Participant: 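First the structure, then my questions, so here it is.
Here, residue 1 is the first one in the sequence, and each next residue gets the next number. It should be emphasised that the depicted structure is a prediction, and the values quoted were computed from it without experimental measurement.
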Amino acid sequence: MNILTVNTDSPEQTRALGAMLGNVASGDDLYLLAGNLGAGKTHLVQGIGFGLGVKEYACSPSFMIAREYHGRLTLYHLDLYRLDEIEEIVDLGIEQYFSSNAVCAIEWAEKGQGVLPAENLLIELTDLGGDNRRIRFVPHGNHYVELVNKLRESLSKDSLAKWNFQ
Ligand SMILES: Nc1ncnc2c1ncn2[C@@H]1O[C@H](COP(=O)(O)OP(=O)(O)OP(=O)(O)O)[C@@H](O)[C@H]1O
Ligand SMILES: [Mg+2]
């Protein structure tokens, strides 16, 4: 299996994990984040921004649906939480975010099932209680299998932090 599972025990560690993903990200990457309220999706995307060299602080786009940040690559940070109908997602012109040499990270991606590209990196976050979170990276498509391998390699090479992953 190519699924990578990482357990983090602080918001900072989740950000650091996101930064590692941002470091190995490439243009047109699509990350679908799924998980309950407060699971840590926004923290992970903040980290992805750091890894991409974004200087502004990524906040939750809840009131805007989409935010744009500029680093080594553009990062589109979307949040579908407030959208109730699949048509609203289609009306958003969501494809514009996928094919522009940018990295696109979508919170509450479950809501977009059916209109989001089949090739993507699904990131499932689970609150295990306290500050513990389980973060599963599930690649869909060869590109994302390679990306997850790179992320795994970065985790195993990192001597500064003790990563709990499998
Ligand atoms: N290991 C951890 N990783 C990430 N966040 C953690 C962790 N432990 C505790 N937290 C806390 O959990 C909350 C996560 O908030 P965050 O906004 O990232 O969640 P979210 O999944 O984006 O929620 P929402 O669905 O409301 O957008 C924060 O209050 C953070 O401090
Ligand atoms: Mg959020």
Side-chain angles (χ1 to χ4, degrees), residues 1-62 66-81 97-98 102-110 112 116-117 119-166:
M1 280 301 241
N2 292 305
I3 296 174
L4 169 67
T5 306
V6 187
N7 289 298
T8 68
D9 58 16
S10 68
E12 294 71 30
Q13 202 184 11
T14 297
R15 282 205 195 104
L17 176 62
M20 281 185 160
L21 178 57
N23 275 326
V24 292
S26 54
D28 288 349
D29 275 2
L30 174 61
Y31 307 147
L32 304 184
L33 292 102
N36 289 339
L37 282 172
K41 301 178 292 297
T42 299
H43 278 71
L44 195 77
V45 178
Q46 286 168 347
I48 293 170
F50 292 144
L52 285 169
V54 171
K55 301 287 180 233
E56 314 127 86
Y57 197 72
C59 50
S60 180
S62 294
R67 278 178 190 266
E68 182 176 340
Y69 298 95
H70 298 280
R72 168 171 71 79
L73 297 165
T74 295
L75 169 66
Y76 291 118
H77 182 186
L78 276 67
D79 191 331
L80 303 184
Y81 184 65
Y97 300 109
F98 306 147
V103 172
C104 180
I106 308 184
E107 294 192 39
W108 290 97
E110 311 78 309
L116 298 174
E119 298 231 339
N120 60 66
L121 177 62
L122 173 65
I123 307 176
E124 295 172 337
L125 296 94
T126 309
D127 185 341
L128 301 178
D131 286 349
N132 296 305
R133 302 289 188 271
R134 185 181 63 220
I135 304 173
R136 284 177 90 227
F137 295 88
V138 185
H140 294 124
N142 286 341
H143 169 70
Y144 295 99
V145 170
E146 275 173 36
L147 183 65
V148 168
N149 285 339
K150 282 185 196 162
L151 181 57
R152 191 188 293 279
E153 209 176 296
S154 311
L155 289 167
S156 39
K157 281 186 185 158
D158 185 11
S159 51
L160 296 176
K162 265 204 178 135
W163 290 101
N164 175 358
F165 68 97
Q166 58 187 30

Participant: Do Leu155 and Leu17 make a side-chain contact, defined as non-hydrogen atoms from C-beta onward lying under 4.5 Å apart?
Facilitator: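 Yes - at least one pair of side-chain heavy atoms lies under 4.5 Å apart.
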
Participant: Measure the OG1-CG distance between Thr126 and Asn36 for me, rounded to the nearest 0.5 Å.
Facilitator: 8.0 Å

Participant: Over all heavy atoms of both residues, which pair between Val24 and Ser154 is shortest? Give the atoms and the distance, please.
Facilitator: CG1-OG, 4.1 Å

Participant: Ile123 and Leu44: which non-hydrogen atoms are nearest, and at how many Å?
Facilitator: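 Reported closest heavy-atom pair: CG2-CD2, 3.7 Å.
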
Participant: Indicate the atoms forming the closest heavy-atom contact of Leu122 with Ala34, along with that distance.
Facilitator: CD1-CB, 4.3 Å

Participant: Please step through side-chain contact (heavy atoms from CB on, under 4.5 Å) for the pair Ile106 and Asn120, ending with a clear verdict.
Facilitator: CA-CA 11 Å; Ile106 308 184; Asn120 60 66; over 6 Å; no

Participant: Does the side chain of Ile48 come within less than 4.5 Å of Val54's, by heavy atoms?
Facilitator: no

Participant: Work out which heavy atom in Asn23 is nearest to a heavy atom in Arg72; give both atom names and the distance.
Facilitator: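 That closest heavy-atom pairing would be O-NH2, 3.5 Å.
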
Participant: Mind checking the OH-SG spacing from Tyr76 to Cys104? Nearest 0.5 Å is all I need.
Facilitator: 8.5 Å

Participant: Would you give the length of the straight line joining atom OG of Ser26 to atom CD of Glu146, rounded to the nearest 0.5 angstrom?
Facilitator: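 Separation between the atoms: 9.5 Å.
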
Participant: Please work out whether the ring planes of Tyr144 and Tyr31 are parallel, tilted or perpendicular, with thresholds of 30° and 60°.
Facilitator: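 Perpendicular: the ring planes of Tyr144 and Tyr31 meet at over 60°.
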
Participant: Using a 3.5 Å distance criterion without hydrogens, assess whether the side chain of Arg152 forms a donor-acceptor pair with backbone atoms of Ile3.
Facilitator: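 Side chain of Arg152 to backbone of Ile3: a pair is present.
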
Participant: Table please: side-chain donor-acceptor pairs of residues 129-139 below 3.5 Å, with sequence neighbours left out.
Facilitator:
residue, atom, partner, partner atom, Å
Arg133, NE, Ala39, O, 3.0
Arg133, NH1, Asp127, OD1, 3.1
Arg133, NH1, Gly130, O, 3.0
Arg133, NH2, Gly38, O, 3.3
Arg136, NH1, Glu124, OE1, 2.5

Participant: Once you round to the nearest 0.5 Å, how far does CG of Asn2 lie from CG of Leu147?
Facilitator: 11.5 Å

Participant: Quick one, Leu151 and Met20 - any side-chain contact, counting heavy atoms below 4.5 Å?
Facilitator: yes

Participant: Any donor-acceptor pair under 3.5 Å linking the side-chain atoms of Thr42 with those of Glu107?
Facilitator: yes

Participant: Any donor and acceptor pair, going by atom type alone, linking the side chain of Lys41 with main-chain N or O of Gly35 inside 3.5 Å?
Facilitator: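 Answer holds: yes.
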
Participant: If you measure from OH on Tyr97 to CD on Glu68, what distance do you get to the nearest 0.5 Å?
Facilitator: 8.0 Å

Participant: Leu32 and Ala109: which non-hydrogen atoms are nearest, and at how many Å?
Facilitator: CB-CB, 3.5 Å

Participant: State which residue, out of Leu78, Leu125, Leu121, fulfils the side chain to side chain contact (heavy atoms under 4.5 Å, CB included) condition with Leu33.
Facilitator: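 Of the listed residues Leu78, Leu125, Leu121, the side chain to side chain contact (heavy atoms under 4.5 Å, CB included) partner of Leu33 is Leu125.
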
Participant: Relative to each other, are the rings of Tyr69 and His77 parallel, tilted or perpendicular (30° and 60° limits)?
Facilitator: tilted

Participant: As a quick check of understanding, evaluate side-chain contact (heavy atoms from CB on, under 4.5 Å) for Trp108 and Leu37, giving each step before the final call.
Facilitator: CA-CA 9 Å; Trp108 290 97; Leu37 282 172; 4.1 Å; yes

Participant: Measuring from Asn7:CG to Gln13:CD, what's the distance to the nearest 0.5 Å?
Facilitator: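 It is 9.0 Å, given to the nearest 0.5 Å.
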
Participant: Under the salt bridge (charged side-chain N to carboxylate O under 4.0 Å, His left out) rule, what pairs show up with a residue in residues 9-31, not counting sequence neighbours?
Facilitator: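 The answer is none; no pair qualifies.
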
Participant: For Ala25 versus Leu73, what's the shortest heavy-atom pair and its separation?
Facilitator: O-CD1, 4.2 Å

